[in-house]
Amino acid sequence: MTHPTFELAPELKRDCIELADWPLCKILLLNDSQYPWFILVPKKAGLKEIIDLSEDEQVTYLRESAKLSHLLMRVFNPDKLNVAALGNMVPQLHIHHIARFTSDAAWPAPVWGKHPAVPYEDEKIAKIKAHF
C-alpha cells in the first residue's frame, strides 16, 4: 500500500517510466533503451536506507527484488544481472536491477554516465509493460 505522503524523487520521475505497483514497491524502467534497467522503490515516505524499513518490510523488499530479478532473467536472459542500492545521487531508497550483456554499450564498465541515454520507443515500452 502506498504511504499517503509518498512521492517519487524528482530525478526518478524525470528519468523513469512507471511500469507497475507491487505490494511494497513501484517498479520503474529507466528510460534508456541501451540497457534493461529497472528500479524498485518502496512506496513509503522518507526512506533512505533498507534498515529504515521494518523487518517485515525488509523481507518483502527482498522478495520483490528477487521476483524482479527472476523476471529479468526470464525475459531478457542477460549475461549478468547487476543489483545495487547506492543512493549517492538520489537519496530516496531504491534498488537498481540492470540486465547486462557482453554486447551492451558499456560492457564491462558500469552503465552510469557511460553514454547519453537513448529513450525507449512507445512500442518497446508496451512490450516490457506486458511482463508486469
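Atoms considered below: every heavy atom in the structure, side chains included; atoms not considered: hydrogens, waters and symmetry mates.
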Item to check | His70 NE2: over 12 foreign heavy atoms closer than 6.0 Å | outcome: no
Checklist entry - Are any of the side-chain heavy atoms of Lys43 and Cys25 separated by less than 4.5 Å? => result no
Next on the checklist: Quick check for you: to the nearest 0.5 Å, what is the distance between Gln92 atom CD and Phe6 atom CZ?
Outcome noted: 5.0 Å
Next on the checklist: In this structure, would Ile17 and Val75 fall into the same cluster of hydrophobic residues linked by side-chain contacts under 4.5 Å?
Outcome noted: yes
Checklist entry - Any chain of hydrophobic side-chain contacts (each under 4.5 Å) joining Val118 to Ile39? => result no
Checklist entry - Between Leu40 and Tyr61, which heavy-atom pair has the shortest distance, and what is it? => result O-OH, 3.1 Å
Next on the checklist: For Trp37 and Trp112, take the angle between the two ring planes, folded into 0 to 90°, and tell me which bin it lands in: parallel under 30, tilted 30 to 60, perpendicular over 60.
Outcome noted: perpendicular
Item to check | Closest contact, heavy atoms only, Tyr35 versus Ala105 | outcome: OH-CB, 3.8 Å
Checklist outcome for this item: Residues Gln34 and His115: closest non-hydrogen pair is OE1-CB, 3.7 Å
Checklist outcome for this item: For Asp79 and Phe101 the tightest heavy-atom approach is OD2-CA, 3.2 Å
Item to check | Flag side-chain contact, heavy atom, 4.5 Å: Lys124 against Ile128 | outcome: yes
Checklist outcome for this item: Looking only at heavy atoms, the pair that brings Glu57 and Leu24 closest together is O-CD2, 3.5 Å
Next on the checklist: Starting from Val59, can I reach Leu68 by hopping between I/L/V/M/F/W/Y residues whose side chains sit under 4.5 Å apart?
Outcome noted: no
Checklist entry - Could you state the interatomic distance from CZ (Arg74) to CG (Leu72), rounded to the nearest 0.5 Å? => result 9.5 Å
Checklist entry - Roughly how far apart are Glu11 CD and Asp15 CG, rounded to 0.5 Å? => result 7.5 Å
Item to check | Pair Glu7-Lys13, side-chain contact (heavy atoms from CB on, under 4.5 Å): steps then yes or no | outcome: CA-CA 9 Å; Glu7 286 189 37; Lys13 280 184 185 178; 3.7 Å; yes
Checklist outcome for this item: When Val83, Asp32, Val111 are each screened for side-chain contact (heavy atoms from CB on, under 4.5 Å) with Ile98, the one that passes is Val111
Checklist entry - Transitively linked via ILVMFWY side-chain contacts under 4.5 Å: Phe38 with Leu62? => result no
Checklist outcome for this item: To the nearest 0.5 Å, atom NZ of Lys26 lies from atom CG of Leu8 at 6.0 Å
Next on the checklist: Using every non-hydrogen atom in the two residues, find where Leu47 and Leu53 come nearest and quote the distance to one decimal.
Outcome noted: CD1-CD2, 3.4 Å
Item to check | Glu64 side chain to Trp22 backbone, donor-acceptor under 3.5 Å | outcome: no
Checklist entry - Can you list the steps and then say if Cys16 with Leu30 is a side-chain contact (heavy atoms from CB on, under 4.5 Å)? => result CA-CA 4 Å; Cys16 297; Leu30 188 78; 3.8 Å; yes
Item to check | Between NZ on residue Lys48 and CG on residue Leu93, distance to nearest 0.5 Å | outcome: 11.5 Å
Checklist outcome for this item: CD of Gln58 to CD1 of Ile50, rounded to nearest 0.5 Å, is 7.5 Å
Checklist entry - Under a single-linkage definition using a 4.5 Å side-chain heavy-atom cutoff for Ile, Leu, Val, Met, Phe, Trp and Tyr, are Phe132 and Ile95 assigned to the same hydrophobic cluster? => result yes
